[in-house]
Amino acid sequence: MFSVKFKTTEELPEPSPRLIDQVIGQDEAVKIVLSAVKNKRNAILLGEPGVGKSMIVKAVGEILDEFGEFTPYYVIAKPNLKNMERPIVEVIDGYYKEKKKELPKINFNAPSSFTLLIVMIIAILVSQMIIKTMPADYLLAAVAITSMIVLIFGFIIVFSSLLGARASMPSVSPSDLEPVLLYECKKRPLVRASAYNVTRLLGDVKHCPLGGKPPLGTPPHKRIILGAIHEAHRGILYVDEIKTMPLEVQDYILTALQDKKLPISGRNPNSSGATVETNPIPCDFILIMSGNMDDIYNLRAPLVDRIDYKIVLKDKMDNTLENRDKILQFIVQEIRNNKLNHMTYEACCEIVKIAQYLAGSKDKLTLRLRLLANIIKMANDLAMGKEIEEILKNFKDKDYKPLEKKGKVYIDAEHVRKVFESGIYSMEKQVAINYIKNFKRYKHIVPNDTPKVGVIYGLAVLGRGGVGDVTKIVVQILESKNPATHLLNISGDIAKHSITLASALSKKLIANGKLPLPKKDIDLSDKEIYIQFSQSYSKIDGDSATAAVCLAIISALLEIPLKQDFAITGSLDLTGNILAVGGINEKIEAAKRYGFKRVIIPEANMIDVIEREGIEIIPAKTLDDIIPLVFDY
């Protein structure tokens with residue numbers, strides 16, 4: 001199974017601490033991403049969930065310092081005295097050093113009471129001199145003016161002394177003019193952001209309930225939030241889950257890629273930040289995005305054109321000794337990284353077997369390693385659960401005695417097998433298992449029964465989780481003036497077309513009289529064919545029942561019974577060749593579960609069969625290979 005011999009994984013060497021060495025099965029993708037980063041090219045990673053897209057980017061992020069020299073920088077925001085709603089953001093090379101200096105004071109104090117008193121005395125003396133030179137007719141007016149001057153200056157002196165009033169109030173506090181540090185980057189950055197989090201990705205301006213105008217509110221330049229698109233300047237911006245990226249965000253990213261800079265403005269139109277917009281801020285980054293295969297169709301064409309490397313990750317690899325060792329390496333990594341109990345050799349072999357099942361073939365191994373990781377963790381929980389059950393049982397005794405140490409806990413093959421068979425690692429598989437449990441007792445399936453005309457058992461796979469099931473197919477022939485083929489319980493277009501093909505092929509074979517069966521004169525021009533997938537409550541959409549339907553129609557037309565000790569799967573072409581189908585191992589397991597003695601599969605699928613014990617597996621290449629095995633004549 002593996003190139004090294006061991007009893008448990010604790011005997012194996014420690015895995016490499018570098019993430020780049022822990023990426024499994026995606027060597028070509030890693031090389032391309034490294035080349036893209038080295039040459040400052042944008043890239044997108046496409047593939048099934050759990051094949052390692054995020055891990056590849058993280059691994060590249062660990063070694064970013066090896067990609068040439070990097071100049072540290074910091075980003076500051078300062079007020080725009082001409083227009084406070086248009087703050088200035090600057091990117092400055094070097095390390096940030098906080099500067100402590102006194103800002104120029106723009107306020108002045110009011111005159112003191114003593115100064116006002118001297119001014120008042122001088123004013124009185126001047127007025128007395130003026131009174132002496134005045135004629136007697138204006139004397140009363142001069143006295144009134146002098147009294148008014150004394151009253152006014154007296155009021156000013158009292159008010160200034162008691163209340164400390166100033167001649168003028170400050171309009172801006174010195175602290176409101178200080179620049180603020182928004183971001184400091186000391187090494188080449190790898191910034192990750194989700195496509196749906198617009199604020200995190202593009203930046204924002206905080207809301208100020210006081211309007212953001214000094215001296216009451218917070219100045220606009222102190223409310224700026226840098227986006228990931230700016231923090232990734234001179235580094236990598238990694239955007240995950242591109243399926244959720246709004247179209248307007250794509251336009252912003254496209255602008256940033258073209259102009260190498262992008263301003264920040266408030267995102268909430270009901271906020272005071274909506275009126276604030278900075279100058280264009282430098283954001284020269286390498287863009288790496290990731291998503292599932294179909295997600296790229298959600299991106300605008302101009303943005304896709306800006307992506308240089310479009311990398312499709314593999315979801316399976318060949319089942320070779322070298323790759324089995326990689327799966328073993330992955331097991332050791334999961335145990336070390338998550339501090340799990342060690343696994344036995346047999347449990348590791350079981351993980352490889354599950355990797356084959358998930359890949360759908362004996363000669364392939366899945367690269368959806370997140371599923372394998374979940375299975376390993378759950379198997380560890382089961383192993384620990386046995387120890388916990390023993391402790392709880394011991395507590396029930398009247399005289400409690402501490403348990404004797406029985407040695408280390410290991411994850412064995414039974415734990416791994418139980419997790420896989422229960423389907424607790426996959427929501428889809430659990431739904432399919434529950435469906436089968438709930439409806440199996442109601443399904444009228446009698447394996448190994450007496451031969452019957454027009455009755456055959458096909459095989460199907462339920463859901464994306466991959467659980468096999470047996471489907472009873474019944475064909476009835478009626479005399480009619482309007483011959484036709486009617487499909488019952490068939491909802492999928494592919495299934496409808498394939499069964500129509502099976503009907504046409506069966507009529508052709510009977511009309512030619514070349515079948516290795518007893519000949520019978522039949523007028524096919526007045527035959528109405530009814531095909532029913534009995535008690536099939538889930539959607540049927542596939543061509544794997546074509547061979548089964550064709551045999552059932554031939555049986556019903558010729559009135560020759562079919563044996564009931566087998567289940568069959570396989571597609572057909574118009575010449576009668578049996579074509580390969582998917583989910584072959586799940587279908588074989590379903591035939592075993594229902595108790596059939598034999599299962600007939602396409603010969604091309606034999607390379608995919610993982611477990612051959614418990615049932616006779618018959619490969620078939622053409623329809624003529626099957627007929628002598630299934631008809632009772």
Side-chain angles (χ1 to χ4, degrees), residues 8-9 24 48-52 54-55 292 315-316 327-328 330-361 364-393 409-441 459-470 537-538 582-594 610-611 614:
T8 66
T9 52
I24 306 296
E48 292 295 317
V51 296
S54 298
M55 188 173 183
N292 298 336
D315 62 351
K316 59 185 70 173
I327 294 294
L328 182 61
F330 172 76
I331 294 172
V332 175
Q333 289 172 189
E334 286 300 308
I335 291 173
R336 298 291 199 276
N337 295 339
N338 296 286
K339 298 180 180 179
L340 307 178
N341 291 295
H342 286 283
M343 298 183 72
T344 63
Y345 175 86
E346 292 75 16
C348 295
C349 294
E350 198 67 27
I351 292 293
V352 172
K353 187 176 179 180
I354 291 173
Q356 292 174 308
Y357 270 102
L358 295 177
S361 177
K364 296 290 182 181
L365 298 171
T366 187
L367 284 174
R368 296 189 65 183
L369 301 180
R370 191 180 302 153
L371 282 178
L372 289 184
N374 291 340
I375 292 172
I376 294 172
K377 293 173 186 175
M378 293 176 184
N380 177 79
D381 295 343
L382 285 180
M384 293 297 295
K386 281 191 174 183
E387 185 181 42
I388 293 172
E389 288 174 2
E390 291 177 4
I391 294 173
L392 292 176
K393 183 178 179 181
V409 175
Y410 293 104
I411 305 171
D412 58 32
E414 180 185 352
H415 301 133
V416 176
R417 197 177 300 115
K418 187 175 181 180
V419 171
F420 182 68
E421 292 175 353
S422 66
I424 58 177
Y425 65 93
S426 167
M427 180 179 66
E428 294 89 350
K429 188 167 184 177
Q430 290 179 67
V431 171
I433 290 174
N434 290 334
Y435 170 83
I436 291 173
K437 286 181 179 179
N438 292 333
F439 289 99
K440 183 179 178 181
R441 58 178 177 168
L459 296 167
V461 177
L462 303 180
R464 196 171 183 269
V467 178
D469 195 19
V470 175
Y537 304 111
S538 60
I584 198 67
N585 291 292
E586 290 80 3
K587 293 174 180 178
I588 292 173
E589 289 297 324
K592 289 182 187 179
R593 188 169 60 248
Y594 278 88
I610 298 171
E611 186 61 60

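In this structure, V467 and V461 have side chains that are not in contact, with every pair of non-hydrogen atoms separated by 4.5 Å or more. Using a 4.5 Å cut-off on side-chain heavy atoms (C-beta onward), F420 and K429 make contact. Side-chain contact check for Y410 versus M343: every heavy-atom pair is 4.5 Å or farther apart. Between E48 and V51 there is a side-chain heavy-atom pair separated by less than 4.5 Å. P49 has its side chain within reach of R368: a pair of non-hydrogen atoms, C-beta onward, lies under 4.5 Å apart.
Separating the CG atom in D412 from the SG atom in C348 is a distance of 11.0 Å, to the nearest 0.5 Å. Put simply, CD on E334 and CG on N374 are 8.5 Å apart, with the number rounded to the nearest 0.5 Å. We find the NE2-CD distance between H415 and E350 to be 12.5 Å, quoted to the nearest 0.5 Å. Atom CG of L367 and atom CZ of F330 lie 10.0 Å apart (nearest 0.5 Å). In this structure, the separation between OG1 on T8 and CD1 on I335 is 9.0 Å, given to the nearest 0.5 Å. Rounded to the nearest 0.5 Å, atoms CG (L369) and CD1 (I331) are 10.5 Å apart.
Nearest heavy-atom pair across A413 and A347 is N-CB, 3.7 Å. Of all non-hydrogen atoms in K316 and A359, the two that sit nearest each other are NZ-O, 3.0 Å.
Scanning for side chain to side chain contact (heavy atoms under 4.5 Å, CB included) contacts around N380 gives L340, N341, M384, I411, with sequence neighbours left out. Not a single side chain to side chain donor-acceptor pair (under 3.5 Å) links R593 to another residue, sequence neighbours left out. Scored by the salt bridge (charged side-chain N to carboxylate O under 4.0 Å, His left out) test, K418 finds no partners at all (sequence neighbours excluded). By the side chain to side chain contact (heavy atoms under 4.5 Å, CB included) test, S422 is found to be paired with I424, residues two or more places apart in sequence or in another chain being considered. For N292, there are no side chain to side chain donor-acceptor pair (under 3.5 Å) partners, not counting sequence neighbours. Under the rule for a side chain to side chain contact (heavy atoms under 4.5 Å, CB included), the partners of E611 that lie at least two apart in sequence or sit in another chain are K353, Y357, E589, K592, E613.
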Audit row: I351, I376, side-chain contact (heavy atoms from CB on, under 4.5 Å) steps and yes/no: CA-CA 8 Å; I351 292 293; I376 294 172; 3.8 Å; yes
Stepwise side-chain contact (heavy atoms from CB on, under 4.5 Å) check, I354 with V416: CA-CA 9 Å; I354 291 173; V416 176; 3.4 Å; yes
One pair to check against side-chain contact (heavy atoms from CB on, under 4.5 Å): I433 and I436. What are the steps and the verdict? CA-CA 5 Å; I433 290 174; I436 291 173; 5.9 Å; no
Go through it in stages, so that I can follow the logic: the residues are K377 and N338, the test is side-chain contact (heavy atoms from CB on, under 4.5 Å), and I'd like the CA-CA distance, side-chain angles, deciding distance and then a yes or no. CA-CA 8 Å; K377 293 173 186 175; N338 296 286; 3.8 Å; yes
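Remark: the H342 side chain and the T9 side chain contain an N/O donor-acceptor pair separated by less than 3.5 Å.
Remark: side-chain polar atoms of K587 are not paired, donor with acceptor, to backbone N or O of G468 under 3.5 angstrom. Within the 3.5 Å criterion, the main-chain N or O of I610 finds a donor-acceptor partner in the side chain of N585.
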